[in-house]
Amino acid sequence: MTIKRSVFLRNITLGVSASLVLAACGGADTADTAEEATTDEAATTEETVGVLKVATEPAFPPFEFQNDDGELDGFDIDLMTAIGETAGLEVQFESLPFDGIIPALQAGTVDAAISGMTITEERLQTVDFSRPYIKAGLAIAVQADNAEVAGLDDLEDKKIAVQIGTTGADQAAEIPGAEISTFDSAPLALQELANGNVDAVINDAPVTLDAIASGNIDGLKVVGELLTTEFYGIAMPKDSENVEVVNDALMTMMEDGTYAEIYQKWFGEEPPELPESAF
Ligand code: GLN
């Protein structure tokens, strides 16, 4: 995919007016100085501005994972790359543990994060999110021959594995008497269940279903209804100016078919309608 010329041009224009504003703020008091500052800014822009450092925890297929060539792959990776192309920004991915992503955004060491991350009220206290880009929800997984667990109520006093810092972990914490073990990634939690060390896993349904369907994890099934409806968003530092840039790109891609194409590639169907905001 190539950068759309109109978008690219618009960004250049925006870049130049931003430079003028910066020059003005910097106290440039003659027209000459302002002009010089603009030229300098423009020169810097080409090399340094326009890069978006994006964190991801790459053990969450089909959203993000390392493929057989050791490269980052998945729906989120394709989507974020296309957002970069649409917005005229170079995306540089950085792998981080899931529970290190929000701290990294707060510290400003990354500009954004795409990691199957649910937009929650709690996270909105510390970071901003793009508009929803995926509808998901939590599911219970048990061993395929388990006839005892059919839903949330059957999980009281049971052993449950979850991924640390996730909405699945929050949900498990509310189950009376449950003995919870936490893992760094969803596949590790699912493997613990496959090994028979816990009774269930609470995790995002698309990821658990993908692990079962792909044969990555053997002998598991999903039971009951989805426990929640959740929307994934791209997280950014609070009040980041990139929120609008990312939302504009997402909107463009939802209108011009790019989003649907990526969705088709990974999920084999038309994308569902998504709300403009999660709450
Ligand atoms: N959607 C879940 C959450 O946001 C899990 C995300 C993940 O493990 N990558 O907590």
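For ligands, and for the atoms within them, numbers begin at 1 and follow the listed sequence.
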Please state which option from [options] has its nearest heavy atom closest to [atom].
atom                   : options          : answer
atom 9 (N) of ligand 1 : P58, S185, S115  : S115
atom 4 (O) of ligand 1 : Q171, E64, R123  : R123
atom 2 (C) of ligand 1 : D184, D204, L138 : D204

*NZ/NE/NH1/NH2 to OD/OE distance under 4.0 Å, E230 and K135*: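 So E230 does not pair with K135 through a salt bridge.
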
_Chi angles and distances behind the side-chain contact (heavy atoms from CB on, under 4.5 Å) call for N203, L138_ = CA-CA 5 Å; N203 181 48; L138 296 172; 5.7 Å; no

*asked:* Below 3.5 Å, N or O to N or O, backbone or side chain included: is there any such pair between Q163 and ligand 1?
replied: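 Yes; at least one N/O pair falls below 3.5 Å.
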
[X]: numbered ligand 1 atoms lying under 4.0 Å from its heavy atoms:
X    : result
Y232 : 1 (N)
F98  : 3 (C), 4 (O), 6 (C), 7 (C), 9 (N), 10 (O)
M117 : 4 (O)
F60  : 5 (C), 6 (C), 7 (C), 8 (O), 9 (N)

_Exactly one of D78, D210, D76 should register a side-chain hydrogen bond (donor to acceptor under 3.5 Å, both in side chains) with W266. Which one does?_
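The side-chain hydrogen bond (donor to acceptor under 3.5 Å, both in side chains) with W266 is passed solely by D78 among D78, D210, D76.
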
*How far does CG of L193 sit from NZ of K221, to the nearest 0.5 angstrom?*
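Here the rounded value is 11.0 Å.
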
*Kindly work out whether a path of hydrophobic side-chain contacts (I/L/V/M/F/W/Y, heavy atoms less than 4.5 Å apart) joins Y133 to I83.*
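Linked within one cluster.
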
*Aromatic ring proximity F98/F63, centre distance under 6.0 Å*: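 They do not qualify: ring centres at least 6.0 Å apart.
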
_Nearest non-hydrogen protein atom, atom 6 (C) of ligand 1_ =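 Nearest neighbour among protein heavy atoms for atom 6 (C) of ligand 1, to 0.1 Å: G116 O, 3.2 Å.
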
*Say whether F63 and ligand 1 are in contact under the criterion: heavy-atom distance to a ligand atom below 4.0 Å.*
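No, F63 has no heavy atoms under 4.0 Å from ligand 1.
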
*Output yes when a side-chain donor or acceptor of S240 lies under 3.5 Å from a complementary backbone atom of N242, and no otherwise.*
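Flag set: sc S240 to bb N242 pair under 3.5 Å.
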
